[in-house]
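Working notes, beginning with the structure itself.
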Amino acid sequence: MATTFKRPDKRKFDELREVEAKIGIIKRADGSAMFKFGDSVALAAVYGPRELIPKHKQDPEKALLRCHYDMISFSVTERKRPGPSRRSTEISYVTSKALEPVLQLDAFPNTVIDVFIMIIQADASTRCAGINAASMALANAGLPMTGLVSAVSVGKVAGEILTDLSKDEEDYGHDDKVKETTDIPIAYIPKLDKISLLQLDGRIKPQELKKAIEAAKKACLKINEIQTKALKQVND
Ligand code: UDP
């Protein structure tokens with residue numbers, strides 16, 4: 001049956017918002033990047049590897065990868081309370097886990113690699129924008145990596161599988177009690193053919209999930225190309 005659902009911004013179901021990527025945006029950092037999905041904008045800055053202080057936290061076998069995700073208060077329509085929250089702690093944790101598979105942490109024992117991710121404007125999928133920016137910033141810092149991590153949010157809205165959900169789409173058909181849409185942030189490493197993040201908020205049938213994962217992989221391949229191109233561009 002032909003669908004009647006139309007995306008609010010008229011995109012095709014498998015179409016990304018406008019993507020922009022740039023490296024070397026923060027001079028003091030060892031590596032940095034900006035990644036944008038439409039109105040969701042993430043900045044990432046990498047510091048390290050450097051000696052981990054206090055020393056009792058050092059691991060003689062590998063570096064500690066420490067990700068810090070946050071949104072600025074006015075990045076969203078309703079002012080966000082400054083400072084850490086359960087949400088930012090969770091996103092920081094899953095971001096580290098999404099990035100770890102491409103890093104050779106055992107090459108830098110006793111050190112820490114700090115990755116600061118700041119969302120300066122939010123319109124959904126900010127954790128994915130953050131992972132994309134962080135992955136580029138780590139490469140920009142010159143760290144040995146087995147590949148780039150690319151992330152996108154896919155989901156089910158009005159019965160359709162969509163790529164790169166906007167906030168309007170995430171909220172589609174919600175009232176106070178019922179969540180109608182399903183949001184699935186996915187991070188994929190094309191070089192390793194590995195999914196390093198998959199979260200699922202909502203309900204979906206197994207066959208639809210399979211379709212959503214395929215859509216995410218396809219989008220991540222495009223994102224990977226954009227990230228690679230940005231990394232090759234010489235900084236001013
Ligand atoms: N959001 C907000 N206030 C908050 C947290 C989130 O307005 O305190 C919005 C913001 O646009 C964010 C979206 O809700 O991008 C979806 O948030 P979610 O927790 O699903 O994470 P995201 O999709 O950004 O990774």
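Each ligand, and each atom within it, is numbered from 1 in the order the structure gives.
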With no hydrogens and no angle check, do the side chains of S166 and D9 hold a donor and an acceptor under 3.5 Å apart? no
Which residues pass the salt bridge (charged side-chain N to carboxylate O under 4.0 Å, His left out) test with E90, not counting sequence neighbours? R127
Return each pair, listed once, that meets salt bridge (Lys or Arg N to Asp or Glu O under 4.0 Å) where at least one residue sits in residues 99-112; pairs must be two or more places apart or across chains. K97-E100
How are the rings of F116 and H68 set to each other: parallel, tilted or perpendicular (split at 30° and 60°)? parallel
For E169 and R11: C-alpha separation, side-chain torsions, deciding distance, then whether salt bridge (Lys or Arg N to Asp or Glu O under 4.0 Å) applies. CA-CA 12 Å; E169 290 171 337; R11 272 183 291 154; 3.5 Å; yes
Near ligand 1, which residues have a heavy atom under 4.0 Å away from one of its atoms? M71, V76, K80, R87, A122, D123, A124, S125, T126, R127, K167, E170, D183
According to ring pair (Phe, Tyr, Trp, His ring centres under 6.0 Å), does anything in residues 69-98 pair up with another residue at least two apart or in another chain? List the pairs. none
